[in-house]
Every structure is written in C-alpha cells, then in structure tokens.
2 protein chains.
Amino acid sequence: MVNKSALVYDDLMQKIDGEVYKLGTYLPSENQLCELYGISRETGRKALAALAENGYIQKIRGKGSLVIEHRQYEFPVSGIVSYKELAQKLHITTKNVVYDYEPNGTLPVAAFASLGVDLTEAPVTVIKRVRVIDDEPDIIDKDYILKTVVPEVPKRAAEDSLYAYFEDELELEIGYATKEITMEPANAEDRQQLHLDDGAYMAVVRSVTSLTDARAFQFTESRHRADKFRFRDFARRQHNPL
Amino acid sequence: MVNKSALVYDDLMQKIDGEVYKLGTYLPSENQLCELYGISRETGRKALAALAENGYIQKIRGKGSLVIEHRQYEFPVSGIVSYKELAQKLHITTKNVVYDYEPNGTLPVAAFASLGVDLTEAPVTVIKRVRVIDDEPDIIDKDYILKTVVPEVPKRAAEDSLYAYFEDELELEIGYATKEITMEPANAEDRQQLHLDDGAYMAVVRSVTSLTDARAFQFTESRHRADKFRFRDFARRQHNPL
DNA sequence: TAGTGGTCTAGACCACTAG
DNA sequence: TAGTGGTCTAGACCACTAC
C-alpha cells in the first residue's frame with residue numbers, strides 16, 4: 001500500500017472537481033474522514049492541508065473544510081507542469097516544432113544570473129521549440145539541459161515531452177523550480193518564429209528546474225506573445241507559516 | 001506559549017537568512033531538532049515542511065535537510081505581502097500617492113470575471129494610488145474594497161497601508177488570494193500617471209483577496225511599467241501532493 | 001549497521017462555532 | 001453542550017544513504 005494521505009487527497013480532489021463536493025459546501029469533518037477512509041486524524045489532516053495549500057478548500061475552525069473557487073489550471077502554467085500534461089488537462093491540441101537542436105552547446109549563463117545561477121561554460125543540450133496552439137505559433141521555448149546530469153537528450157524526446165523523458169525513461173525525480181517573469185521587447189528570432197511586427201512585446205519566463213537531490217539541471221527561457229500570455233497564481237497569507 | 005512549530009520555523013528561517021546555516025549545508029537532523037527545541041519529531045517536521053514549501057530547503061531522504069538558493073522577495077511581489085512589508089524587507093523607500101478616492105463606488109465586475117467573481121453592482125470603496133520608487137512613478141494600484149465587509153476605509157489608511165488597517169485595526173484575518181498576470185497596452189490613465197509614451201505596455205496583476213472565513217473582500221488591479229516588472233515564483237513538482 | 005527522512009497511529013488538550 | 005478544527009506527543013515501522 002502507498003501513501004494513504006495521498007490517496008485521500010486524490011479522492012477528495014476528484015470529488016471536488018466532479019462536484020460530488022460542491023463549491024460553497026463543506027467536506028466531511030475530520031472525524032468523519034477517519035471513519036470513511038479508515039485512517040487516523042493526522043493522516044486526513046495532511047490531505048486537507050495539501051488541498052488548502054493548492055486552493056481547493058479553506059479550513060474554518062469550528063465549522064469545517066469549505067470548498068472554494070479553484071482555477072489552478074490556466075494556460076500557460078502555474079506550478080511545474082509539463083505542456084503535455086497541461087494540454088491533456090485542458091483538452092487543447094498543441095503542436096510542438098523543434099527548430100533548433102544542438103547536442104553540444106553552452107549554457108547562456110547571463111540570462112539566468114538573476115535566478116542565482118553561477119555556473120560557467122557548462123556543457124548543455126540546446127533545444128529550441130515553437131508551441132503552436134490552434135494553428136498559431138504562440139510560444140518559443142529554449143531549453144538548456146546540463147550534460148553532466150542528462151548526457152544525452154534524443155531529438156524524439158524534444159518532439160514529444162522532455163518531462164516524460166526525464167521522469168519516465170530516465171527516472172529522474174523533479175523536485176522544484178524557480179521562475180521569473182519579465183516583459184521584454186520582441187527580438188528578431190521572436191518576430192521570425194512567431195510572425196510578429198516590430199514593436200511587439202513578449203512575456204518571458206525564465207526558470208531553473210532542480211531534482212529532488214537539489215541538482216539544478218534544466219534551464220528554460222519561455223517567450224510568449226504578450227497578448228496570449230496569462231499567468232494565474234494562488235497564494236496564502238502567511239500570518240504564521242503553518 | 002504559542003505554536004511551537006511556528007517558533008521553530010522562524011528560528012530556522014532567520015538562521016538560514018543569517019547564514020548560521022549556509023547554502024549547501026544541512027540543517028540539524030530531525031532527531032537533533034527534537035532535542036535542540038524540546039519538541040516531538042512531528043512538530044519539527046511541520047516546520048521543515050513549511051521551509052521546504054517556501055523554498056528554503058530541500059529534504060533528501062537518508063541525508064538531511066539541505067539549504068538551497070532562496071530568493072523569495074523580489075519586487076514587486078510573489079505571495080501575499082503588502083507593499084509596506086515588502087519595502088521594509090528590501091530597504092526600499094516607496095512613496096504612495098492617492099490620486100483618487102471614492103467612498104461610494106461600484107465594483108467593475110467585468111475586470112475580475114476571469115478570476116471567478118460573480119457579484120453584480122457591489123458597493124465598494126475605490127482607492128487609486130501611484131507607487132513612486134526612487135522618485136519614479138512605476139505602479140498604479142486600483143483597489144476596490146467591499147463595503148459589506150469593510151464599511152469604511154479612511155483615506156489615511158490608503159496613504160499608509162491597507163493591510164495594516166485591515167489586520168491591525170479591524171483585526172480581519174486575511175486568508176488567501178488568487179491573482180492573474182496579463183500584459184496589456186497602456187491606456188490613457190497609465191500614460192498620464194506614469195508619464196509613458198504611446199505604444200507602451202503594462203504588466204497587469206489582478207487579484208481577489210479573501211479572509212480566512214472565505215469571504216472575498218478586496219479586488220485589486222495593479223498596473224506596472226513593463227520595463228520595471230519582475231515576478232518570481234518558487235514551485236514544487238507534485239508527484240504526489242504531499 | 002547506524003543514521004537519516006517518510007508515514008502512520010491513538011490519544012490528549014485547546015479554541016472556536018453553533019444550538 | 002456537542003462538534004469542529006489546531007496543536008502536540010511518543011512511539012512505531014519503513015526506505016534510503018553512508019560507511
């Protein structure tokens with residue numbers, strides 16, 4: 001048996017998404033969850049804490065766990081989710097055109113300096129792709145993958161899903177990412193790949209992704225047409241952090 | 001005594017910030033924390049889980065809690081932090097000019113529709129402010145505060161800090177916020193208040209803030225000069241959500 | 001083998017909400 | 001008063017890392 005609290009989390013999440021537990025109503029109480037799932041109270045509380053953290057519920061003392069408005073998945077992304085996963089979740093068809101592939105490249109360190117990167121001359125695999133959504137090229141993704149961690153990235157993985165390759169084939173465990181969003185004028189490459197005019201603006205998302213052993217291994221610069229960009233975030237106020 | 005795990009969290013966080021525990025080193029083990037603070041293991045684990053969630057550490061099984069690169073606070077904001085708090089943390093001096101104040105306004109519902117707002121004709125207090133950073137006006141904030149929750153917002157609170165007024169004076173408990181970032185062309189008001197040219201772009205952050213009892217009460221449209229905008233985010237990959 | 005973190009339990013006491 | 005969530009405990013067993 002695996003992770004009881006994760007099973008409870010998944011079950012409750014699906015029932016919220018499926019409106020078994022509707023917006024504005026309360027989940028079963030913690031004691032009821034103990035009986036329903038045959039678990040101890042702290043185990044159920046872990047599942048509830050994760051639901052609260054992810055914006056599904058608000059816990060109210062003396063009352064219960066209230067289901068709240070939840071809109072996590074919006075294009076392009078909040079959290080760490082691969083495009084393939086996201087496209088499936090949203091029932092969008094995205095095409096994925098690899099327009100540059102360089103197995104022996106070098107990391108453009110300067111671009112990621114503000115994210116705390118202090119490598120120099122790191123050997124990487126470079127992959128540049130255009131994401132086509134509804135027959136319109138909207139996003140350029142430039143990925144730099146450290147060869148010290150992933151010696152080789154087959155082109156086929158770039159055409160399908162890098163995450164699937166890292167996690168399913170190489171069995172790497174992706175841990176966390178730091179990302180930074182800025183706005184910048186479109187450059188020549190942007191204008192060419194996305195068919196933009198002079199004076200166009202881009203939303204640029206630069207991110208550094210690390211494994212669960214804390215090795216940073218993937219550096220991504222994602223450049224979005226400004227008019228198609230939308231980022232959603234859910235955050236809790238930290239009175240005390242717990 | 002309050003919240004032991006929060007005390008432990010604060011202490012560890014300060015020691016990480018103060019480099020008592022340096023980047024790339026390990027915190028004391030969970031058993032050591034039990035002895036150090038006189039707590040049970042689960043209590044210490046709560047503190048560690050919160051540190052991991054906020055990007056201070058990466059827990060590695062069999063090894064320990066590794067201190068990782070952490071850059072949460074960057075202007076303008078990630079998470080729910082007031083400008084006043086942020087300015088203090090970053091040692092920035094921001095001026096705050098209220099240029100419009102309407103005690104009997106109406107919520108512009110359409111602007112917040114994509115955030116799940118379905119109110120109509122809600123009476124609000126309207127506050128419009130310009131944030132001046134380093135003698136340059138960079139941000140317009142338009143706040144709409146529901147009169148059903150906060151009957152009155154004194155102008156003085158708008159000139160100081162709305163959060164301080166809500167939390168310290170009214171003792172409201174702010175719970176969470178949903179925010180959305182988009183990129184939009186500057187409008188006439190933007191150009192006038194921020195002295196921008198035609199063709200300028202803005203980063204627009206719209207947010208809905210709710211109390212811990214899940215009542216949405218504050219709607220904010222924050223409009224940033226594109227070239228000054230920077231948003232940073234830390235996210236964990238959810239293999240399983242716990 | 002010893003030490004680390006990951007999970008789960010059963011029980012306790014407290015603070016808040018509702019009737 | 002009964003029911004809810006908030007916190008903490010002491011102990012157990014497991015999986016992984018390092019030696």
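Labels below follow one simple rule: chain letters A, B, ... track the order of the sequence lines, proteins then strands, and each chain is numbered from 1.
- Between A/Ser5 and C/dT7 there is no side-chain polar atom (N or O) within less than 4.0 angstrom of OP1 or OP2.
- Rounded to whole angstrom, the span from the CG atom of A/Leu27 across to the C1' atom of D/dT4 amounts to 13 Å.
- Annotation: B/Glu159, atom CD; neighbour count of heavy atoms from other residues, nucleotides and ligands within 6.0 Å is above 12.
- The environment of CD in B/Glu169 is crowded: more than 12 heavy-atom neighbours from other residues, nucleotides or ligands sit within 6.0 Å.
- Distance, A/Glu30 CD to D/dT4 P: 9 Å, rounded to whole Å.
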The test is side-chain hydrogen bond (donor to acceptor under 3.5 Å, both in side chains); show your working for A/Gln58 and A/Arg236 and say whether it passes.
CA-CA 10 Å; A/Gln58 173 68 30; A/Arg236 292 194 165 272; 2.8 Å; yes
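- Applying the 4.0 Å criterion to OP1 and OP2 of D/dC8, one finds that B/Asn3 has a side-chain N or O inside that range.
- If you take OH of A/Tyr26 and P of D/dG3, they are 18 Å apart, rounded to a whole angstrom.
- Comparing B/Asn31 and B/Arg45, the nucleotide of DNA chain C nearest to each residue sits closer to the 5' end for B/Asn31.
- Figure legend. D/dG5 is base-paired to C/dC14; pairs are counted as Watson-Crick or G-U wobble with both atom distances under 3.5 Å.
- B/Tyr37 and B/Asp11 share a side-chain donor-acceptor pair at under 3.5 Å.
- In this structure, A/Lys4 atom NZ and C/dG6 atom P are separated by 19 Å, rounded to whole Å.
- In this entry the distance linking OH of B/Tyr9 with C1' of D/dT7 reads 18 Å, nearest Å.
- D/dG5 atom C1' lies 10 Å from atom CG of A/Leu48, rounded to whole Å.
- The aromatic rings of B/His70 and B/Tyr56 sit parallel, their planes meeting at an angle under 30°, below the 60° perpendicular limit.
- Using a 4.0 Å heavy-atom distance criterion, A/Ile39 is classed as a sugar-phosphate-only contact.
- Counting non-hydrogen atoms of other residues, nucleotides and ligands closer than 6.0 Å to CD of A/Glu102 gives a total above 12.
- Regarding B/Leu33, its CG atom lies at a distance of 10 Å from the P atom of C/dT4, rounded to whole Å.
- For C/dT4, neither phosphate oxygen OP1 nor OP2 lies less than 4.0 angstrom from any side-chain nitrogen or oxygen of B/Lys59.
- A straight line from CG of A/Leu7 to P of C/dT7 spans 12 Å, rounded to a whole angstrom.
- Summarising the base pairing, C/dG19 is matched to no nucleotide, lacking a Watson-Crick or G-U wobble pair whose two defining distances lie under 3.5 Å.
- Picking from D/dC8, D/dG5, C/dC8 the nucleotide with the shortest atom distance to the side chain of B/Ser40 gives D/dC8.
- Residue A/Ser65 is the one, among A/Glu42 and A/Ser65, whose nearest nucleotide of DNA chain D lies closer to the 5' end (criterion: closest heavy atom).
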Can A/Thr178 and B/Glu69 be said to form a side-chain hydrogen bond (donor to acceptor under 3.5 Å, both in side chains), step by step?
CA-CA 9 Å; A/Thr178 304; B/Glu69 179 73 23; over 6 Å; no
Measure all distances between protein nitrogen or oxygen atoms and nitrogen or oxygen atoms of nucleotides 12-19 of chain C, and list the pairs falling under 3.5 Å.
{"unit_1": "C/dA12", "atom_1": "N6", "unit_2": "A/Arg41", "atom_2": "NH1", "d": "3.3"}
{"unit_1": "C/dA18", "atom_1": "OP1", "unit_2": "A/Lys63", "atom_2": "NZ", "d": "3.2"}

